[in-house]
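Note that these values count all heavy atoms, side chains included, but never hydrogens, waters or copies made by symmetry.
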Amino acid sequence: METIHRVFVGDSRDLSAVADDSVELVVTSPPYPMIEMWDDLFADLDPAVGDALESGDGRVAFEAMHAQLDRVWDELERVLVDGGIACINVGDATRSIDDSFRVYPNHARVLEAFESRGFDPLPDVLWRKPTNSAAKFMGSGTLPPNAYVTLEHEYVLVFRNGKESRSFEPRADRRYEAAYFWEERNRWFTDVWTDVRGELQTLEFEGSEELRERSAAYPFEIPYRLICMYSAYGDTVLDPFWGTGTTTLAAMCAGRGSVGYELEEAFLEAFDRQIDDVPGISRSIGRARLEAHRSFVEEYRAEGSTLEYDAEYYDTSVVTKMERSIRLREVESIETVADGYRVEHEPLSDGDE
């Protein structure tokens, strides 16, 4: 199986290189309005943002920032297929402007923007982000009533483009082989994720920490999990805020194609320097999933439960009929092409051979 991964240096408010109805899934994390590290970016996009911040008008600045994101959401409506899914990772912001402290609800504003464009909201996910602070409040310490809750979670907002779900031909191999294990389904399709720090590998390279700070990249497990949940083998995943390329890496490891847009070419150059590591990363991820499932089977049986079905491609039992056709993928080879990469995938073998 072959997938294509294209990455463009450009402004995602204009996804002109992406054709109408050409992607099946969007997985992205935009710059968060009213987070100070993004002030200059938004002010460059619209000087009214800088004017509002300077004058102490947080409400106007908040709306002006989201107006720039709205232009990206317009493009997503165009390029996403009917029934396609958009997963938007976003966090709210807390900030003092003009001596007034408040929360700026980014997730609510994004939800409103997608609904107004005809997307149907689906149940969302909360995940707890790492924090280095021992303080669980802001404000007047331990004295009521003027302390404030510390935000330690972010949202993955999930939308369907239109009212109808995607349809597939009967018994489509690329869908049935992309099934997830029963215990993965139980962990992934819950509305609070507490395990996303995980153990899956990510690319590390010289200067990566600085780039990650500038991109505010989310953990690899988030896009990888969402891609497995909401797409089939061979689908194309779009990330209009590409950053360090975490979504593209996840798509490669998951046997999906991808498209990314990024303003800073340095991110693309850094990703390219480590592309040879991807086959090993993809193999380790597939093996980890398979071994985790086998451990689950042992525990399941130890508790006195029985499993009635066997996997077709792996020496293991499974809980449901739909899992029998699971066939994990690994990256066999990567070729650099114009605007990106061509990736060859092979089924993950059962064992170390």
Side-chain angles (χ1 to χ4, degrees), residues 1 3 24-25 27 85 87 122-123 125-127 156 158 165-166 168 170-202 219-235 237 246-247 249-256 279-331 345-353:
M1 183 183 75
T3 60
E24 286 78 22
L25 175 65
V27 176
I85 300 295
C87 300
L122 302 178
V125 171
L126 296 179
W127 67 277
V156 178
V158 183
S165 299
R166 286 178 62 196
F168 293 82
R171 294 296 306 178
D173 287 344
R174 71 187 192 94
R175 187 186 187 196
Y176 278 80
E177 291 184 3
Y180 26 76
F181 291 114
W182 181 80
E183 69 278 7
E184 288 178 329
R185 188 265 177 229
N186 292 344
R187 189 171 73 254
W188 294 353
F189 285 87
T190 184
D191 63 343
V192 179
W193 291 350
T194 59
D195 61 338
V196 294
R197 300 184 194 187
E199 298 177 355
L200 299 182
Q201 299 181 50
T202 58
F220 172 89
E221 176 69 9
I222 290 179
Y224 181 79
R225 187 177 293 192
L226 294 170
I227 289 168
C228 292
M229 291 165 64
Y230 293 115
S231 66
Y233 286 139
D235 280 353
V237 183
T246 310
T247 299
L249 174 62
M252 289 178 173
C253 294
R256 279 73 162 172
I281 293 173
S282 74
R283 190 173 301 112
S284 69
I285 290 168
R287 294 250 181 264
R289 288 182 64 189
L290 191 55
E291 290 309 309
H293 173 69
R294 286 176 168 147
S295 296
F296 161 77
V297 169
E298 290 182 7
E299 295 173 4
Y300 196 74
R301 285 177 170 155
E303 294 172 354
S305 301
T306 59
L307 293 92
E308 300 180 7
Y309 306 103
D310 292 322
E312 296 176 10
Y313 299 105
Y314 301 106
D315 183 18
T316 186
S317 297
V318 292
V319 177
T320 67
K321 287 183 178 180
M322 289 181 289
E323 295 169 80
R324 292 180 300 174
S325 298
I326 288 177
R327 201 172 196 187
L328 304 176
R329 296 292 196 267
E330 64 177 277
V331 173
H345 304 262
E346 295 291 339
L348 182 76
S349 61
D350 190 349
D352 296 326
E353 70 276 6

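Between atom OH of residue Y233 and atom OG of residue S231 there is a gap of 9.5 Å, rounded to the nearest 0.5 Å. From T247, atom OG1 reaches atom CG of L25 across 9.0 Å, with rounding to the nearest 0.5 Å. For the atom pair CH2 of W188 and OH of Y230, the computed distance is 11.5 Å after rounding to the nearest 0.5 Å. Between the OH atom in Y309 and the CE atom in M322 there is a gap of 10.0 Å [rounded to 0.5 Å]. We find the CZ-OH distance between R289 and Y180 to be 10.5 Å, quoted to the nearest 0.5 Å. In this structure, CD in E184 is found 8.5 Å from CD in E323, a value given to the nearest 0.5 Å.
Relative orientation of the W182 and F296 rings is tilted, given thresholds of 30° and 60° on the angle between their planes. Ring geometry for F220 against Y224 counts as parallel: the plane angle stays under 30°, on a 0 to 90° scale with 60° as the upper cut.
The shortest side-chain heavy-atom distance between V318 and R324 falls under the 4.5 Å cut-off. In this structure, the side chains of Y300 and S317 stay at 4.5 Å or more apart for every pair of heavy atoms. For the pair D315 and R294, the minimum side-chain heavy-atom distance is below 4.5 Å. When side chains are defined from C-beta on, E221 does not count as touching W193, because their heavy atoms never get closer than 4.5 Å. Side-chain atoms of L122 and I85, non-hydrogen and from C-beta on, do get closer than 4.5 Å to each other. D195 has its side chain within reach of R225: a pair of non-hydrogen atoms, C-beta onward, lies under 4.5 Å apart.
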Next item on the list: Would you sort out whether E330 and R283 count as a salt bridge (Lys or Arg N to Asp or Glu O under 4.0 Å), showing the intermediate values?
Entry: CA-CA 5 Å; E330 64 177 277; R283 190 173 301 112; 2.6 Å; yes
Checklist line | Audit row: N186, T190, side chain to side chain contact (heavy atoms under 4.5 Å, CB included) steps and yes/no | finding: CA-CA 7 Å; N186 292 344; T190 184; over 6 Å; no
Next item on the list: Begin from the C-alpha positions of I222 and T246 and carry the test side chain to side chain contact (heavy atoms under 4.5 Å, CB included) through to its verdict.
Entry: CA-CA 9 Å; I222 290 179; T246 310; over 6 Å; no
Item checked: Candidate pair L348 and R287, rule side chain to side chain contact (heavy atoms under 4.5 Å, CB included), full reasoning -> CA-CA 8 Å; L348 182 76; R287 294 250 181 264; 3.9 Å; yes
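In terms of heavy-atom proximity, A179 sits nearest to I326 at O-CG1, 3.4 Å. Scanning both residues, I227 and A254, for their nearest heavy atoms gives CG2-CB, 3.8 Å. The two residues L328 and G286 make their nearest non-hydrogen contact at CD1-O, 3.5 Å.
In this structure, M1 places its CE atom where more than 12 heavy-atom neighbours from other residues, nucleotides or ligands lie under 6.0 Å away.
Side-chain contact of T194 with R187: a donor-acceptor pair under 3.5 Å is absent, judged by distance alone. Remark: the T320 side chain and the R185 side chain contain no N/O donor-acceptor pair separated by less than 3.5 Å.
A distance of 6.0 Å or more separates the ring centres of F181 and Y314.
None of R175, R166, R256 except one satisfies the salt bridge (Lys or Arg N to Asp or Glu O under 4.0 Å) rule with D235; the exception is R166.
Judged by distance alone, the side chain of R327 and the main-chain N or O of S325 form no donor-acceptor pair under 3.5 Å. A donor-acceptor pair under 3.5 Å is formed between the side chain of S282 and the backbone N or O of V331. Side-chain atoms of H345 do not come within 3.5 Å of backbone N or O of C253 as any donor-acceptor pair.
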